[in-house]
There are 2 protein chains.
Amino acid sequence: MNNKKTPLYKQLKKEIIQKIERGELKPGDVLPPERELAELFEMSRMTVRQAISELVNEYILIRRHGSGTYVAESKIPQGRRLKSFSEDMRARGLLPGSKVLEKTIIVEPPANMIADLKSEGKILMLKRLRLADLYPLAIETIMLPIEKFNNLESRNFENESLYRILEEEYSIKITKAQQKIEVRMPTPQESELLEINYSVPVFHFKQITFDQNNEIFEVAHSVYRGDRYEINTEIYS
Amino acid sequence: MNNKKTPLYKQLKKEIIQKIERGELKPGDVLPPERELAELFEMSRMTVRQAISELVNEYILIRRHGSGTYVAESKIPQGRRLKSFSEDMRARGLLPGSKVLEKTIIVEPPANMIADLKSEGKILMLKRLRLADLYPLAIETIMLPIEKFNNLESRNFENESLYRILEEEYSIKITKAQQKIEVRMPTPQESELLEINYSVPVFHFKQITFDQNNEIFEVAHSVYRGDRYEINTEIYS
DNA sequence: AAGTGGTCTAGACCACCGA
DNA sequence: CGGTGGTCTAGACCACTTC
């Protein structure tokens, strides 16, 4: 057997996810029946069901009563995928751009972000104006615990993708993000930076991003112009 | 026993939700231990756990290992499931309500909804003011092709769930919805109905809903107060 | 009819929390 | 320590899909 501390159903979950990642199971493929998996992995059917149930909740598998369990067609519904600003813009047919407004190392995060970043160490704060086809579209403020990312503060960020750097050079895999979306009026500073009238409302996104170990590695606040941005999404029952 | 067709765990789920709705269980309250619920409702503990697990997934309950199971506080993030207004409110710990503003049968849908409803027949337009804890929170305008739903126009809708009627009496299964979310300022009529100042921005949701045959059965526009509503969501890579 | 997932039982032992 | 939720078993029968 494997690690005795890890629950059996989590081991099976991992096994299935890896088969999907390695391409041995492709979208639309059928999984072996639950009874067979139980025999194969030497666990009871209820334990198999717990593993599968969690994967179904994560939209990775789909159950069809009387038919079988299948790998979901598109793991995550279109428009609900976690996208970087650049990816998002490209998907909308716009040219992404970036202008660094601030890049500082701080000890205390701002009051409105402190709740999520109960950090013990220093924090890199990166504030960027985000452009779409050369026009300002959003203001993005990102907080990263600098202790996890040696030398990250020396990077430029003007035209580099932060997520690409984290993934390729710091082996961070982004898995999940929690997002709150509010609507409000812009502050005077925001309306100036975004070049909008004070009467144009904005989206305010507050995002907490998790890595492969389910640890928070980023807290981001973004303010988007309400007159030039809309959210498109698909939801399922 | 109750209805023999309904699974036991769903009966228990309903029981718990009703206790929350009636105020017998308030946010932060402890549920009876699983073993006690099992005895009380004459079912096995695993069945109790299935009911509770689903409510935990819907962010209605929270489990604390070694301590107990609690009713979630209203600020807890909600999932990415397709929810009716009532379900959404319940998940936030608020009491849903409804007031019909308009219920008419029309031939031509309004210009801003026509694109999605290339309908050949008549349309039922239902406009409701949606309440949370008795205060106005949203204005919802729903268009349904009336030819598909015989006699639906005779229903009251004041305190009936539209989705429940469609599901139970017309065998419609809701599978998917496409949503656009914009932010804008309210019209004078909207700010009056929602009881907000003209300077409070609003969310504008435009939703197209699909049934089990992937056919559009509903087009809905909803306008939510920006000062009292926020979207909570999880996204995955 | 055969095979699949859906529901359910009556136990067992482990891991964590709080007094 | 006792009580809680967390994991797990080895069955059983039901409901649905597919042939």
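Heavy-atom basis, side chains included; hydrogens, waters and symmetry copies ignored. Here is the naming used below: chain letters follow the sequence lines, and residue numbers restart at 1 for every chain. Predicted model only: the values in this text are computed from it and were never measured.
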Novice: Relative to each other, are the rings of B:F203 and A:F203 parallel, tilted or perpendicular (30° and 60° limits)?
Specialist: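 Aromatic pair B:F203/A:F203 classed tilted.
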Novice: Using ring-ring contact (aromatic ring centres under 6.0 Å, His included) as the criterion, list what pairs up with A:F85, not counting sequence neighbours.
Specialist: none
Novice: According to ring-ring contact (aromatic ring centres under 6.0 Å, His included), who are the partners of B:Y9, at least two apart in sequence or on a separate chain?
Specialist: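 In terms of ring-ring contact (aromatic ring centres under 6.0 Å, His included), with neighbours along the sequence ignored, B:Y9 is linked to no residue.
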Novice: To the nearest 0.5 Å, tell me how far A:E218 CD sits from A:I142 CD1.
Specialist: 5.0 Å
Novice: List every contact pair, protein side and nucleotides 14-18 of chain D side both N or O, where the distance is under 3.5 Å.
Specialist:
residue	atom	partner	partner atom	Å
D:dA15	N3	A:H65	NE2	2.9
D:dT17	O4'	A:G66	O	3.3

Novice: Please name all residues satisfying salt bridge (charged side-chain N to carboxylate O under 4.0 Å, His left out) with A:E169, sequence neighbours left out, ordered by chain then number.
Specialist: A:R155
Novice: Starting at atom CD1 of B:I52, determine the distance to atom P of D:dG5, rounded to an integer number of angstrom.
Specialist: 7 Å
Novice: Mind checking which nucleotides bracket the chain A contacts on DNA chain C, 5' to 3', with an atom under 4.0 Å from a heavy atom?
Specialist: C:dG3 to C:dC8
Novice: Can you measure B:L61 atom CG to D:dT4 atom C1' for me and round it to whole angstrom units?
Specialist: 15 Å
Novice: Parallel, tilted or perpendicular: which one describes the rings of B:Y229 and B:Y224, with boundaries at 30° and 60°?
Specialist: tilted
Novice: Count the heavy atoms of every other residue, nucleotide or ligand shown that sit under 6.0 Å from CD of B:E39, and state whether that count exceeds 12.
Specialist: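 Incorrect, the count does not exceed 12.
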Novice: Taking side-chain hydrogen bond (donor to acceptor under 3.5 Å, both in side chains) as the test, write out the residues that go with A:Q50, two or more places apart.
Specialist: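 With neighbours one apart ignored, the set is empty.
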Novice: Between A:M46 and A:K10, name the one whose nearest nucleotide on DNA chain D is closer to the 5' end.
Specialist: A:K10
